[in-house]
Structure formats: C-alpha cells, structure tokens
> 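Take a look at the following structure, please.
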2 protein chains.
Amino acid sequence: MPPKCIGRPRVDAASPARQNQAHSRHLQSAAGMATDLFEVVSPETALERLLESGLPEPRVESVSLSAATGRTAPRAVRAPEPSPAFDRSLMDGFAVRASDTFGATEALPAALAVVGEVPMGAPPTRGIAPGEAMVIHTGGMLPDGSDAVVMVEHTEWIDDGAIDVMRPVAARDAVIQRGDDVAEGAVVIPQGARLRSQDLGGLAALGVTRVSVAQSPIVGLIATGDEIVPPQHTPVPGEVRDVNSTTLSVEVERAGGAARTYGIVPDARSALETTARDALSECDVVVISAGSSVSARDHTAHVIESLGSPGILAHGLALKPGKPSIVALAEGTPVFGLPGNPVSALVVFDLLVAPTLRRLQGAPAHSPAPPLRARLTRNVASTAGRVDFIPASLAERDDEMWAEPIFGASNLIFTLVRADALVRIPADANGLPAGASVEIRPLA
Amino acid sequence: MPPKCIGRPRVDAASPARQNQAHSRHLQSAAGMATDLFEVVSPETALERLLESGLPEPRVESVSLSAATGRTAPRAVRAPEPSPAFDRSLMDGFAVRASDTFGATEALPAALAVVGEVPMGAPPTRGIAPGEAMVIHTGGMLPDGSDAVVMVEHTEWIDDGAIDVMRPVAARDAVIQRGDDVAEGAVVIPQGARLRSQDLGGLAALGVTRVSVAQSPIVGLIATGDEIVPPQHTPVPGEVRDVNSTTLSVEVERAGGAARTYGIVPDARSALETTARDALSECDVVVISAGSSVSARDHTAHVIESLGSPGILAHGLALKPGKPSIVALAEGTPVFGLPGNPVSALVVFDLLVAPTLRRLQGAPAHSPAPPLRARLTRNVASTAGRVDFIPASLAERDDEMWAEPIFGASNLIFTLVRADALVRIPADANGLPAGASVEIRPLA
C-alpha cells in the first residue's frame, strides 16, 4: 500500500478524533479546491489560454499518399500543373468545329466527313478541317481544329464515311478544357486541411505522390488512483478497472495523435511526479486522468503545477461533466488533468485535448465544419453559467433530427455506449424546452 | 499498344468508311448499352438485389481491445459481470444510514459519530451502526449498514470525532448501486455494432480484454483504360493519371475493408478477364473502375458477366453521377463495375460498395444513424426518376445547416476536394427550391 497524503486518518490509529478532524478539513478544502484556489472558467476560456500560451510548431514529415489518410497538411499544397492537362471530351461522339453545326436540324442536318477516330491515351493522329469530324470517346483528346463534341445520339451515319449532325453545338459543348478543374499554381490543399480520399485523389491526378504532413503528436496517458486496476485484473471489492487508458487511446488516434500509455500510478505524489516527468520528457502532450478520490485529485494538481512554467492555466471548468479538470503548460508541453470518471474524461478530451492536438498538427483547433444540430425530444434542466453535455440517442422525424436525452445514473460509461451523440446545453441556458435546436457532438 | 476491340477503325487503313460505320454502330450500341441491354434501376434496388443474393457470412477473429477500434462485432457481447461491481459513493462525504438524517436541519442537525474512513481500492474495514458515519470518497465502497452518502458540504465537524449533518438524505442518495450501469448478462455491444472508444472502454470496465470482430473483407481494386497511367508517371497528351486506386483504397479502409490494388489494365478483354479472375480468387469483393471509353466500359461489362453466376444483377443506375455502373455477384463474390470518373466512382462506392462491405462484416448495410440534413441555399434543377448527388459546401446560419451547391464543370475530382458534403436530390423531385431540406452525406 503506497503512502497516503498527510493527515489521512487510520481507524486503527490512536486518537481518531484529531485525525478525522484533520482529514475532514483536508477533505473539505480539497472538495472545494476548484472554487477555492482557482476561478472556474468556461472550457472555451481554458482552451484559449492554452492555445495563446505559445504551442510548438508542428514537425513536418513527407509521406506517400497511401500513408497520408487523415493526416494534416501543415502547409498549403499547390498544383504543379493544370488539370486536366489537355482539352478532353465529356461524351462519346464526334469532335467537330461548332461553326460547322450551326443551324443543323433533323430536317436540315449538317453533313460532316468522318476522317478517323481519336485513340484513347494518345494524341489525335491529325486535326480536322472545316466540314470534317472525328470519332471521339469520353476522355479523348480534342483534335486540332475542333472546339466541340456532338453526342453520338445526335448524329446519323451516312453510308459514305460521313455523318449527319442533327443538332447544333456551341464551342466548348461536351468539352472540358485544359485547367478547367485546377489551374497551375492554384492551392489544391489548403493549409491545415485534414487529408480525405478525394484530397489524395486530387494529388494523384496532379502527379503529387508524396505529401508533407504533420508528425503525429505523442500523447502520454497516465491513470491514477489506488482503486484503479488494469482491465485484465480481477478487482477486489473497492477496486475498478481502468477505462480511460482504453478510451483516451482511441480518441488520441482519432485526433491524429499517437498514444503512449504509462499505466496506473498509485495515489502517491512522488510516484505520480516521477511518471509525469518521464511522460513530459517523452511526449508532446501529457494527459493525467486523476483517480476519483480527493487525495488523487489533490496530488494531480500539485504534480501538474510542479512540472514547469507557466504551469496551471485553468483549474476547474464551468462544465458538466468535467468540472474537476486542469489545463496547464509545462515548458511548452500541454498537460491536462482529466477527471477519473470515464464520461467526464471523454467530454473534456473532446473539448480541450482534441483541439490542442489539431493545433499541434497545424490545423485549426476547431473543425471549420459547422456543428451538427438536432431538436430536443423533451425539456432538459441545466444550470445557467455552466455548459452541460447530455448523452442522447438520435432519430429522424419529419425530415428533422431529434435527440432523445439519456439520463443515466451519474456519468457511467455504458450511458455513452447506449448514446449516439452528446447534446450541448449552452452556459447561458437555464434548461431548454422540448423542440429546442441544440448542438450535438456525434459519438463516432 | 494493346489490341483494340473489333471494328475499331484506323485512319490509315483502307476503306475507312466501312470501318467507321462499323465502329459507329459499336459506339452507338455501347453508348446506349445501359438502357438497351438492361433496365436502369435505382441504386437502392441494385443494392437490394445484391444483398438478397446470399452474401457469405462474416469470418470472425478475436482481437485485443487496442486492435478493435472501428471493427465490427458480428455477434452481440454480453456483460460477464455487473457494473459497478459494488455500491459506490458518487461524492466526497460521509457514508451514513439515511434514517439517521431524517429531519436534520441547520438549526437541528443530526450528530453522527465518525468511526473511520473508507479506503480507496479496498473494502471498508468495518460497517456502521445506527448513529455512526464513515468518511468516504467519490468511488469509495459503501460500508455495511450505510445506504446513503452525505456531501461533505452539508456537514459540520464537531471537535470530538463526530459530525453534524445539516440536511436529510434519502436511501441511495449520492450512491450508485451494484449493477446500476449494466446488469450481468445484459447485451453491452449489440450485434453488428462498429466499436467506438466508449464501447471498448465499456468492455475494459467489464474485464473483457479481447473481442470477436469480423475479419476485414479484402477488396480487389482494378483500374482499366488505355488512357490511364499510374500517378507517378508523366502522362503524354491524351493520358490521365489513375485517381480511383488512391481514393477507393481510402474508402475501402473507411468501410472496414482491406484494399488490394491490381494496377491498371489496358482496354483488352483478355487482359481484364485475367486480372479479374486473379482478383476474384484472392478477394472477398472485386471493384473494377472502367476506363471512360466505350470499349473499356464494353469490356468491363462482358468480363464481369463472364466471371460466374448469377452474374450481373444491375447494369445502369438511375443515378447522377454514376449511371454507367454494374452490380454483379460471381460465385458468391460481389463484383462492381464503377464508372472511371473519380467523382462518379466515389458516389457509387458510397451508395453500393460501402454498404456491401458493412454487410459482409455482419453490420447493417446502412448505418442505423439517421441521415444528416441541411437546407439548400439556392434552387437546384434535377430530373425526376433519377437520384442526383451534388457537391456542396456547408455553413451554419440561424442555428441551421445550409448547403451551398458547387456546380463544377462535369464531375471533376477537385470539385469534391472543394466540397464538404454531397447533397442528395431524391428521384421523385423535379429539382428542389432554395430552402428545401435535403439529405447530405458529409465527405469526411
């Protein structure tokens, strides 16, 4: 059994009274710490303080397209060449001079001599002169002299190597011109963009087969609490299995980081400090999920403050769940103290850690995509001055998305397992009525 | 240069007329094939035909939680034990008998003897009798005899090892009981669920450290077309770089599959058939993205039909983009013929291939989550009887999501790069007015 914090009573010790008293004071101050020692701030303010404290620039590495999915481009990528690279047909038909088809009708078609066919994957073997046409396929390169394509459906074959064109076409009809998709030098991947399939496809189209991406920030995950045991252990009464190392590892990867777990540290300040310093020296971000006991939360705050300057930027958030959270910067490394409760830890990770990881990769802290919304199926109570997140299931009704709040006992992990999303009740709301439009964060 | 389809004319050959004529007929029939040889069906119908043709059951493998993210559980997982495993405190305070606090007020508090403290991570060293209380921390195990917890904020220390309780508590107050989150034997992961961070965390909480997931279906990707060259090649005029092998590989992984690329096959039926048979023998799904030329599309249809029974289930979709698509089943293996156009290929993959991959992993073909919606910023024209997908950028206005259609020239890959989502214009709509609520598929 590791050493306990000073003043913790033992029932078998002499004079329990004084010790209980001492303990109770400790208990009360610790329980009140978030409000006593620090001003509770909004999650937005806490994040702002961290992002404005000067985070390191992303380290950049070059990877092949197949390794770039989901990675962030810290710099904009420009087109080394135009796309498409040549004037191409959008249809199966005949390359023509539009002027040769003016006024053409079913009754008075324009007769054109078919002088050959445009091969696929090669330039035309010749151009066309007035009165001439060439067979061309979708994607085929327009021959010199042609400026439009007549769909095969609008032509009739004449039995002498010529066609009748039944409809007029204008210049550029059924044609895509060189550079119509992207001009040479244009920005094709904006700075900070997270690379999706179509982004990588666009780079492939331009012959860009390697791309500069931000290295994945290494995130050290530390669990604390005498009551916490690894998932593979069979807990004795009073012990619970570590959930946060599993859930936070997944969320780190989702945010583009690389998780490194440091196991479970007992409620001993020295042990936590040693592990935290190891993590600080090996990681770009350190996340400590505190045990739920007063002493564990207490240790965590003191250890985080001791890691380096400027130290704790926010302690206690106007947030439910997630109030007992700590945001700090230690010698340029972001350090987070998350609540031990798995649901609280996930909410705070989503609000504070994930945006920090995006910023460390050169992306905007907050996705530029607008938030998703749904309507509440019923009234929800909340306390003004605090942001609330409530697990909810989603369903569609009348072409609208509806969120059905799940009111589980406390913040239990299986409440989240049953949920599709978290509903956000803003700080300025004193509860919201059924039907209100709320921001939702899908639990993907 | 690989052999060409019969009847293709060469301008340097004798009697171009007859050959052009022959070719033109070929051109016309091929261009009309989707409607001539097969009835155009809705994407939903095409998928239904495939899913109802008897797809193989998923192969199951057991993986550790850290390898299970995003994988699908083909069978339901039940809780081997209740969670929590013991009655726990939700607060920092004192474990009491609720009956001892009845009627307690600030004026007339209930005095209780504090007989010790519940340690974290171990059972209480004793129980409490009437008139007694024990210090307990959040997460601590309730001692025998106690049935509620009084928040420390509602107590006052008396200088003799006792506390005054200023408020009454009811039985179960600030307590979570054994099994409140999950009862033993309850389904915690439904059959077909895709495993998220909280799902894996829930399993960790129950001591389930390995989980049965569906093996990732291997998807063979074949590109065809004489005009197609690998991304690392510098195309000559008339050639274009392969985009689909890159984009579809990413989409395969996103849908839980494993991509295997078979390179670029020239427009020669024999070559395509050889590669397709290799893929068929090595993969769970085969996806051929046809070249854009008539002959390439032509070959693809014939080769797919030749691969095995029942063969082609749908040829030609009432869909834009994506009409020239093929859905087939060859001896139990789904085979798709996708358009060569990268945007069309992505749309058809999303509508047909991804749902098939989900089904092959034991998940519902369509995510149970309701579709996302937005309002159109402007009128959109479409043709009734055909589903249209239009790239759009998203923005929020007045707490609503709005989709601004991006009308690029044809379906060019960079139109998708600039888009946030695809807007779905249903088949029964003859265009939609500005402000209409439409289903959107985010381009994540």
Side-chain angles (χ1 to χ4, degrees), chain A residues 9 11 16-17 20-21 24 27-28 31 65 69 86 90 92 114 116-117 120-123 137-139 141 152 157 161 176 180-182 197-202 204-205 209 226-227 231-232 237-239 241 243 246-247 250-251 292-294 342 370 396 399 409-410 412-414 416-417 437, chain B residues 9 11 16-17 20-21 24 27-28 31 65 69 86 90 92 114 116-117 120-123 137-139 141 152 157 161 176 180-182 197-202 204-205 209 226-227 231-232 237-239 241 243 246-247 250-251 292-294 342 370 396 399 409-410 412-414 416-417 437:
Chain A
V11 284
N20 279 348
Q21 177 182 5
S24 181
L27 186 64
Q28 296 197 356
L65 294 187
T69 310
F86 53 89
L90 294 171
D92 298 309
V114 177
E117 174 196 10
M120 293 304 292
H137 308 287
T138 305
M141 181 176 182
V152 64
W157 193 260
I176 171 171
D180 270 353
D181 195 6
V182 168
S197 59
Q198 64 268 38
D199 302 320
L200 300 173
T209 56
D226 288 336
E227 74 278 22
Q232 59 274 17
E239 291 180 333
R241 298 191 184 89
V243 168
T246 296
T247 54
V250 174
E251 293 302 322
S292 57
S293 74
V294 177
E396 192 182 43
D399 286 359
S410 179
L412 302 171
I413 185 66
F414 284 100
L416 273 196
V417 170
S437 168
Chain B
V11 284
N20 279 347
Q21 177 182 6
S24 181
L27 186 64
Q28 299 199 357
L65 294 187
T69 311
F86 54 89
L90 293 171
D92 297 312
V114 177
E117 175 194 10
M120 293 303 293
H137 307 288
T138 306
M141 181 176 182
V152 65
W157 194 261
I176 172 172
D180 269 354
D181 196 6
V182 167
S197 60
Q198 63 268 39
D199 302 321
L200 301 173
T209 56
D226 288 335
E227 75 278 24
Q232 58 274 19
E239 291 179 334
R241 298 191 183 89
V243 169
T246 297
T247 54
V250 174
E251 294 301 322
S292 57
S293 75
V294 177
E396 191 181 45
D399 286 358
S410 181
L412 303 170
I413 184 66
F414 285 101
L416 274 195
V417 171
S437 169

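All chains are named by letter (A, B, ...) in the order of the sequence lines, taking the proteins before the strands, and each is independently numbered beginning at 1.
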> Any idea which of A:L416, A:L200, A:L65, A:T69 has the most non-hydrogen atom pairs under 4.5 angstrom with chain B?
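It is A:L416.
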> Check B:E227 against B:G238 and note the closest heavy-atom contact, atom names and distance.
CB-O, 3.6 Å
> Do you know which of B:E251, B:Q232, B:Q198 has the most heavy-atom pairs under 4.5 Å to chain A?
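Highest number of pairs under 4.5 Å: B:Q198.
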> Please classify the contact between A:P342 and chain B as side chain, backbone, both or neither, with a heavy-atom cut-off of under 4.5 Å.
neither
> Which one wins on heavy-atom pair count under 4.5 Å against chain A: B:T209, B:D181, B:I413, B:T247?
B:D181
> Identify the heavy atoms of A:A205 and B:V243 that sit nearest to each other, and give their distance.
CB-CG2, 3.5 Å
> Is it the backbone or the side chain of A:T138 that comes under 4.5 Å from a heavy atom of chain B, or both, or neither?
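It is both, since atoms from each part get that close.
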> With a 4.5 angstrom heavy-atom cut-off, which part of A:F86 approaches chain B: side chain, backbone, both or neither?
side chain
> For chain B, find which of A:G139, A:S437, A:P231, A:S197 contributes the most heavy-atom pairs closer than 4.5 angstrom.
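That would be A:S197.
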> Out of B:T246, B:D199, B:V417, return the one with the most heavy atom pairs under 4.5 angstrom to chain A.
B:V417
> Restricting to non-hydrogen atoms, name the atom on A:E239 and the atom on B:G121 that form the minimum distance, rounded to 0.1 Å.
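For A:E239 versus B:G121, the nearest heavy atoms are CG-O, 3.4 Å.
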> Return the minimal non-hydrogen interatomic distance between A:P123 and A:M141, and the atom names on each side.
CA-SD, 3.9 Å
> Can you tell me how far CD1 of B:I176 sits from CG of A:L412, rounded to the nearest 0.5 angstrom?
4.0 Å
